[in-house]
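One structure below.
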Amino acid sequence: MNRPLDLGDPAEFRADRLLDVLIPTRNRPAELAVTLAGLAAQDGVPGFGVVVSDQSDGDPAYAHPAAATMVRALRQRGHPVLLTRRLPRRGLAEHRAYLLAASAARYVLNLDDDIWLEPGAVHRLVTAIGELGCGFVGNGVHGLSYTDDVRPESHGHYEEWTGPPTPERIRPDTPEWNRARIHSAANLLHVTERLALPSGAWRAYKVSWIGGCVLYDRARLVDVGGFDFWRRVQEKHQGEDVAAQLAVLARYGGAGILPSGAYHLESPTTVTDRDVEAWEVVLAEESAPTG
């Protein structure tokens with residue numbers, strides 16, 4: 001029998017650390033176990049914390065024996081883990097805001113519950129944001145079922161930073177917005193193969209936004225409002241990560257990092273109600289006349 005799982009104490013968890021990983025989840029016990037297994041195999045960033053916030057319809061995903069074992073493995077390796085439930089559901093942005101408030105770390109990694117990170121991925125991201133000094137860095141996720149689907153027409157959207165990232169005001173219907181196409185299918189995998197980087201090397205490239213695996217400077221994310229816009233969007237939305245990243249890009253800059261160590265599990269989405277794009281609401285508010 002799987003013994004009761006210690007959920008952790010929110011007050012004790014909220015400590016001054018280098019990094020916390022924030023994972024929202026719903027109805028995905030198998031995927032969550034894989035995501036946590038990837039984190040348990042990371043090295044180079046000792047003692048990072050992990051927060052899992054569950055909104056499952058039934059039992060929390062972290063109660064599944066496989067996920068619970070990975071929670072224990074993380075703790076055994078010196079990583080504090082906080083397990084919470086956030087019900088009733090109020091939408092993706094509110095869930096992100098709740099997770100962000102649970103952390104006092106210098107950096108926070110927003111990691112979706114269907115992403116496996118290869119060993120060394122977290123260390124590379126933390127190294128990159130420290131050297132670049134920008135508001136966020138991220139790993140676009142690989143869809144390995146698309147490995148044989150090479151899309152050279154999309155590879156042209158890859159453009160490296162030649163110096164530290166600078167603030168950018170990215171908006172739809174601009175060439176910069178199309179940078180997101182580099183993150184489809186297995187495009188990043190093919191670009192990385194073409195670059196043939198030496199072992200241990202990485203590159204920063206220009207982005208409009210990144211989904212699934214984004215490391216923020218927490219203070220800078222909070223400075224632009226974090227996900228507090230959740231109160232102004234209806235519950236059934238998507239694109240909350242885009243809205244936050246556009247705000248950080250405009251003030252502090254951001255970058256994607258190659259090679260990416262993030263792999264999408266390609267499971268069916270649990271976000272089936274997508275009536276509103278949160279970033280559209282936020283941008284519309286910014287452009288609305290005042291007075």
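Worth saying up front: this structure is predicted, and the values here are computed from it rather than measured. Residues take their numbers from the sequence shown, with the count starting at 1.
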Measure the [atom1]-[atom2] distance between [X] and [Y] for me, rounded to the nearest 0.5 Å.
X	Y	atom1	atom2	value
Phe48	Leu74	CZ	CG	6.0 Å
Ile129	Phe136	CD1	CZ	9.0 Å
His183	Trp209	NE2	CH2	8.5 Å
His155	Arg194	NE2	CZ	7.0 Å
Glu285	Phe229	CD	CZ	10.0 Å
Trp279	His237	CH2	NE2	14.0 Å

Donor on one side chain, acceptor on other, [X] and [Y], under 3.5 Å:
X	Y	value
Glu176	Ser208	no
Gln55	His95	yes
His123	Asp43	no
Tyr263	Glu118	yes
Asp20	Tyr107	no

Would Tyr252 and Asp223 count as a side-chain hydrogen bond (donor to acceptor under 3.5 Å, both in side chains) if you check the C-alpha gap in whole Å, the side-chain angles of each, and the deciding distance to 0.1 Å? CA-CA 10 Å; Tyr252 297 109; Asp223 182 56; 2.6 Å; yes

On a heavy-atom basis, which atom in [X] and which in [Y] lie closest, and how many Å separate them?
X	Y	result
Asp149	His190	O-CE1, 3.3 Å
Gly254	Pro165	O-CB, 3.7 Å
Leu132	Ala204	CD1-CB, 3.8 Å
Leu197	Pro259	CD1-CD, 4.0 Å
Arg151	Ser184	NH1-CB, 4.1 Å
Gly261	Asn139	N-OD1, 3.0 Å

Salt-bridged, Glu240 to Arg96, with N to O below 4.0 Å? yes

Taking the basic N atoms (NZ, or NE/NH1/NH2) and the acidic carboxylate oxygens, is any pair closer than 4.0 Å for Asp57 and Arg26? yes

How far apart are the C-alpha atoms of Leu111 and Leu39, what are their side-chain angles, what is the distance that settles it, and do they pass the side-chain contact (heavy atoms from CB on, under 4.5 Å) test? CA-CA 10 Å; Leu111 184 64; Leu39 290 175; 4.0 Å; yes

From Ile115, Val50, Leu109, Asp112, residue fulfilling side-chain contact (heavy atoms from CB on, under 4.5 Å) relative to Ile23: Val50

Give the C-alpha distance, both sets of side-chain angles, the deciding distance and a yes or no for salt bridge (Lys or Arg N to Asp or Glu O under 4.0 Å) between Glu168 and Arg251. CA-CA 7 Å; Glu168 297 183 284; Arg251 190 169 299 180; over 6 Å; no

Under a 4.5 Å cut-off applied to non-hydrogen side-chain atoms, are [X] and [Y] in contact?
X	Y	value
Tyr216	Leu22	no
Tyr205	Leu188	yes
Val34	Glu31	no
Trp116	His142	no
Asp6	Arg75	yes
Val276	Gln238	no
Ser53	Thr25	no
Trp202	Leu258	no

Can you get from [X] to [Y] by hopping between Ile, Leu, Val, Met, Phe, Trp and Tyr side chains that sit under 4.5 Å apart?
X	Y	result
Leu249	Trp161	no
Leu221	Val51	yes
Val222	Val248	yes
Leu117	Leu18	yes
Val137	Val207	no

Show, in sequence, the C-alpha distance, side-chain angles and deciding distance for Asp241 and Ile210, and conclude whether the side-chain contact (heavy atoms from CB on, under 4.5 Å) test is met. CA-CA 8 Å; Asp241 48 351; Ile210 303 174; over 6 Å; no

Which is it for Asp54 and Arg86 under the salt bridge (Lys or Arg N to Asp or Glu O under 4.0 Å) test, yes or no, and what are the steps along the way? CA-CA 6 Å; Asp54 185 277; Arg86 187 61 172 174; over 6 Å; no

Stepwise, does the side-chain contact (heavy atoms from CB on, under 4.5 Å) test hold for Tyr146 with Asn187? CA-CA 9 Å; Tyr146 294 86; Asn187 288 334; over 6 Å; no

If you apply the rule salt bridge (Lys or Arg N to Asp or Glu O under 4.0 Å), what do you find for Glu286 with Arg171, and how did you get there? CA-CA 12 Å; Glu286 291 178 357; Arg171 292 295 183 268; 3.0 Å; yes

Where the side chain of [X] meets the backbone of [Y], is there a donor-acceptor pair that is under 3.5 Å apart?
X	Y	value
Ser103	Leu100	no
Arg85	Ser56	yes
Arg14	Ala101	yes

Please walk me through it: do Lys206 and Thr166 pass side-chain contact (heavy atoms from CB on, under 4.5 Å)? CA-CA 10 Å; Lys206 298 180 180 182; Thr166 56; over 6 Å; no

Taking atom CD as the centre, does Gln76 end up with more than 12 heavy-atom neighbours from other residues, nucleotides or ligands that are less than 6.0 angstrom away? no

Can a cation-pi geometry be assigned to Arg17 and Phe13, taking NZ or CZ under 6.0 Å from the six-membered ring centre and within 45° of the ring axis? yes

